[in-house]
Amino acid sequence: MKHILPYVTKPGRYIGKELNESVKKLDDLLLHGCLVFPDLYEIGMSHQGIQILYHLLNNEPSIYAERAFCPDIDTEKLLQARGERLSTLETSTPLASLDFVGITLPHELCYTNILTILNSAGIEFLTEKRSENEPIILGGGACAFNPEPVADFFDAILLGDGEEGVIEIVQRLTKAKKDNLSRAQKLRILSTIESVYVPSHISFTYGENGSIKTISSSSEQQLPITKRVLPSIETYDHLLSPLVPNTRIVHDRLGIEIARGCTRGCRFCQAGITYRPVRERSVEQILDIAERSIESSGFEELALLSLSTGDYSCMSDLLPELMKRYSKKQVSVSLPSMRVGTLTPEMMDEIRQVRKTGFTLAPEAGSDRLRSVINKGITENDLLETAENAFTLGWNHIKLYFMIGLPTETDEDIQAIAELAKKIIQIGAKRGRGRSKVTISVGTFVPKPHTPFQWAGQLSLDQSREKINQLKRILPKKGITLKWQDPEQSYLEGVFSRGDRKLSELIIKAWEKGARLDSWSDHFNFQRWCEVAEDCGIEPAAYLQERGKKEIFPWSHLDTGVDVDFLDLEHQKSLTQTYTPDCRYHGCQQCGLCDFETIEPLVFESGSSYYDRTDSRSFSEISSKSGSDSKFRYLVSYERLGPISYLGHLDFLQVIFRSLRRAKIETAFSQGFNPSPKISFGPAMPVGTESLCEIFIMELTTPLEDPNAALKTLNDVLPQGMKATSLVLTKKRIPQTLVSEFLIKLSDPLTQDEQSQMQRFFDSKEWLITRTRKGRTQKVNIRELILDQRQDSDTELTIKILTRTGQPGVKPLEALQQMIGREADDLLSSMVRKMNWQELDLQT
Ligand code: SF4
């Protein structure tokens with residue numbers, strides 16, 4: 001895919017070569033596959049599950065699992081137009097030539113992306129049509145518990161915790177390959193592995209009213225298929241060398257899973273059922289992972305991951321220890337999913353030290369009554385108290401998340417959302433924070449499979465819109481902002497969550513008509529889905545209706561381990577607003593999952609005394625020390641060659657910050673709210689331009705003992721394509737005015753006309769081009785910026801360009817395009833390399 005890099009937006013998504021990527025010799029492999037996240041790189045690389053599986057599979061010496069992500073629309077078109085195939089990031093191997101392709105199923109609105117991936121890879125959509133040579137397409141992840149709308153696209157799907165299952169799958173596939181078994185034989189073998197679902201072996205019959213009559217198996221596949229449960233997440237090798245992206249991603253940080261599973265028992269929550277039971281990681285192991293992973297990655301943020309981080313039983317031990325260790329190193333600790341009721345004022349104080357954004361609470365419902373229905377287990381008093389603490393501790397923006405359309409909801413419950421928001425804004429005003437703000441975010445409730453509300457109906461589109469309009473009418477304007485999730489996207493999510501195999505036709509047709517990246521609201525086109533549904537004779541609303549207790553669901557053959565009777569009882573209890581406590585603290589609630597021999601909740605005791613608490617300095621004392629005055633400035637020169645040159649300027653800065661951290665070169669930090677390393681960089685380079693002579697100047701608080709050794713260490717941790725060429729003490733600053741020499745190699749020779757045009761260019765005194773930036777149009781005389789040119793052959797020339805800090809400049813290819821008059825697109829495949837530079841206005 002590297003040929004198309006000059007022509008796509010964000011080429012950094014497709015170049016790979018990240019730190020800690022797995023590199024193997026292809027000749028030594030027994031099985032070669034790829035893990036695919038069906039969304040763009042920046043989303044997929046933020047997904048913890050992909051990183052865990054990548055690490056586990058590549059620990060097997062004879063197996064190679066590379067990566068691929070969904071191409072963006074422009075890249076997909078370009079691949080199509082050039083007859084190229086989607087290939088892996090690591091070795092550019094076409095997906096179609098691999099032994100297996102494992103695609104995660106993270107959410108329902110990624111389903112057309114799966115088709116984009118298969119089509120771009122040249123792999124048949126339907127399992128029944130795949131030839132012997134095509135890879136086995138494997139699935140897993142959150143949507144595996146009702147994969148029916150996409151089941152026809154998968155050869156096999158793993159239910160539950162992936163750690164053990166994937167290893168067993170690849171081992172069986174390796175043997176099957178060695179034995180030269182047919183595709184059908186391989187699927188048969190997969191169907192005998194615990195928790196592996198082979199959709200083509202299962203068939204459905206329907207009654208006259210369109211509901212499912214029977215689900216049966218045509219192989220050794222026993223029904224129901226029950227999910228895998230890892231007894232302890234501690235026993236599995238945690239990834240200690242996480243992949244570090246070179247380009248910016250959504251969650252660009254080190255994630256440590258501190259616990260799996262949540263048994264709070266919120267009745268709308270599918271993850272609360274499918275990830276049971278709770279299995280915590282010990283404080284010692286978390287600290288050890290943090291230490292080793294930060295060292296190997298250089299990340300500046302550490303996120304404690306779990307479905308409900310505040311429920312972690314040893315948080316009062318863990319958080320202060322992490323803050324103490326990492327605030328010194330300018331590594332922040334974040335807790336992305338906190339829950340009201342788990343937040344003590346002390347914990348909020350700790351969070352305040354590192355969180356710069358608004359304070360988020362998830363009441364889910366407006367009234368205490370409706371929160372009892374959903375078993376949320378928090379009252380209005382809890383919410384107001386937490387809000388008061390937040391305002392007192394210095395936050396002035398509180399975000400509140402709600403669902404509309406929860407079972408038994410009335411107008412009073414919607415009214416209660418507005419009342420709660422008003423009370424919170426009043427608390428903010430009382431606490432003397434005149435600028436206090438409240439943001440209300442609402443989404444339509446989707447009754448998910450395997451939850452106590454799986455029998456409930458979902459709001460129609462009109463009902464969703466009306467409730468949002470009601471909120472718009474009743475919410476005060478001052479200090480309160482309302483945001484809402486697109487009701488049409490929630491509607492489609494509901495259809496696919498609750499849908500059956502008949503929907504695969506709808507997904508294929510919608511994809512053929514252009515549906516792409518549906519979870520991105522700027523790409524989502526609901527009208528198209530409606531038209532296609534009509535063409536297919538599918539009534540989407542039918543999937544959203546209330547279901548009878550005896551109804552067979554499209555997911556009835558897939559078992560989370562939680563008894564349907566327990567779900568039913570929970571549904572009954574919701575109607576009487578009866579509370580079900582958390583089994584991790586209040587004894588087993590008989591959901592049916594644990595056998596109490598190998599599977600049971602694993603929760604640690606708080607109050608351990610492992611940690612050195614002798615350092616009594618506060619967080620702010622520690623951080624202010626690390627921002628002390630620095631005197632030692634080093635000039636680092638480096639090269640950037642090959643695909644890495646397609647990173648954007650900000651991505652390069654991040655790569656350098658993290659590489660210095662990995663090399664243990666401790667820079668000084670700026671003071672203020674968001675401290676950043678004191679490093680100044682040379683002028684930004686255009687994306688795709690290589691360079692032999694980039695520079696940055698870093699400030700250190702102590703001198704380097706041995707700059708040559710530091711240079712070597714830095715080179716050991718820089719990503720492929722980057723090389724530091726010198727590191728010297730300096731008194732200079734980054735030059736403000738300089739002349740750079742660029743070598744350009746053209747793919748097509750210069751014509752006679754182009755030579756003449758170039759002559760005219762250099763004969764002129766002025767060559768104006770028009771630029772529009774931030775709505776302002778400006779004329780720039782680029783003739784005075786292009787100082788000279790030298791032709792080495794009819795495809796190679798060198799140009800000298802003047803750059804002045806803060807003044808308009810010209811990029812090498814833009815310069816050449818003006819000089820010779822060739823179309824900009826025809827120059828994109830040229831190689832451009834900065835060869836050297838010279839300072840014109842040296843400041844010391
Ligand atoms: S079986 Fe009991 S202890 Fe285990 S997850 Fe269910 S309710 Fe909790």
Side-chain angles (χ1 to χ4, degrees), residues 49 141-142 144-146 158-165 194-195 224-236 257-282 305-315 337 339 341-342 364 371-378 447-455 553 555-556 558-606:
F145 288 98
N146 180 26
L158 176 68
L159 268 60
D161 297 326
E163 283 92 339
E164 282 176 343
E194 181 196 338
S195 309
I225 298 145
T226 307
K227 77 165 184 184
R228 285 255 176 165
V229 185
L230 204 56
S232 162
I233 58 168
E234 285 219 290
T235 53
Y236 252 86
E257 188 186 29
I258 62 168
R260 193 172 297 178
C262 171
T263 37
R264 280 278 177 177
C266 299
R267 295 181 174 120
F268 58 84
C269 179
Q270 191 183 43
I273 298 293
T274 56
Y275 288 99
R276 282 182 180 226
V278 172
R279 289 145 291 164
E280 293 187 342
R281 201 182 288 286
S282 67
L305 305 179
S306 141
L307 286 171
S308 174
T309 305
D311 280 322
Y312 179 65
S313 59
C314 304
M315 190 55 88
S337 49
R339 181 182 191 283
T342 63
E364 318 286 3
R371 280 190 292 273
S372 296
V373 169
I374 62 176
N375 207 47
K376 186 71 190 173
I378 52 167
K448 293 274 181 172
H450 304 286
T451 67
F453 290 155
Q454 64 178 349
W455 293 277
F553 291 123
W555 55 90
S556 289
L558 305 176
D559 185 359
T560 62
V562 172
D563 295 337
V564 177
D565 288 347
F566 173 81
L567 299 180
D568 188 12
L569 184 65
E570 280 298 294
H571 186 215
Q572 303 302 328
K573 284 167 85 175
S574 76
L575 302 176
T576 53
Q577 296 162 44
T578 309
Y579 184 57
T580 300
D582 186 339
C583 64
R584 110 185 74 178
Y585 302 118
H586 303 283
C588 177
Q589 304 298 312
Q590 314 292 334
C591 82
L593 184 86
C594 300
D595 59 12
F596 297 98
E597 284 176 9
T598 52
I599 311 293
E600 61 184 339
L602 286 184
V603 181
F604 287 89
E605 285 281 315
S606 175

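One-based numbering, in listed order, for ligands and for the atoms of each. Since this is a predicted model, take the numbers as computed values, not measurements. For the single chain, residues carry numbers from 1 onward in sequence order.
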>> Pair V373, F453 - check side chain to side chain contact (heavy atoms under 4.5 Å, CB included), show working.
In response: CA-CA 11 Å; V373 169; F453 290 155; 4.2 Å; yes

>> Below 2.8 Å, which protein N, O or S atoms neighbour atom 6 (Fe) of ligand 1, ignoring water?
In response: C591 SG

>> Under a 3.5 Å cutoff, is there a donor and acceptor pairing between the side chains of T580 and R267?
In response: yes

> Thinking salt bridges, do E364 and R371 make one under a 4.0 Å N-O criterion?
Replying inline: no

> When you check the side-chain N and O atoms of N375 and S372, is any donor under 3.5 Å from an acceptor?
Replying inline: no

> How long is the span from the OG atom in S313 to the CD1 atom in I258, to the nearest 0.5 Å?
Replying inline: 9.0 Å

>> Can you name the atoms of ligand 1, numbered from 1 with element, that are less than 4.0 Å from a heavy atom of F596?
In response: 3 (S)

> Sub-3.5 Å donor-acceptor pair from the side chain of H450 to the main-chain atoms of T560, do we have one?
Replying inline: no

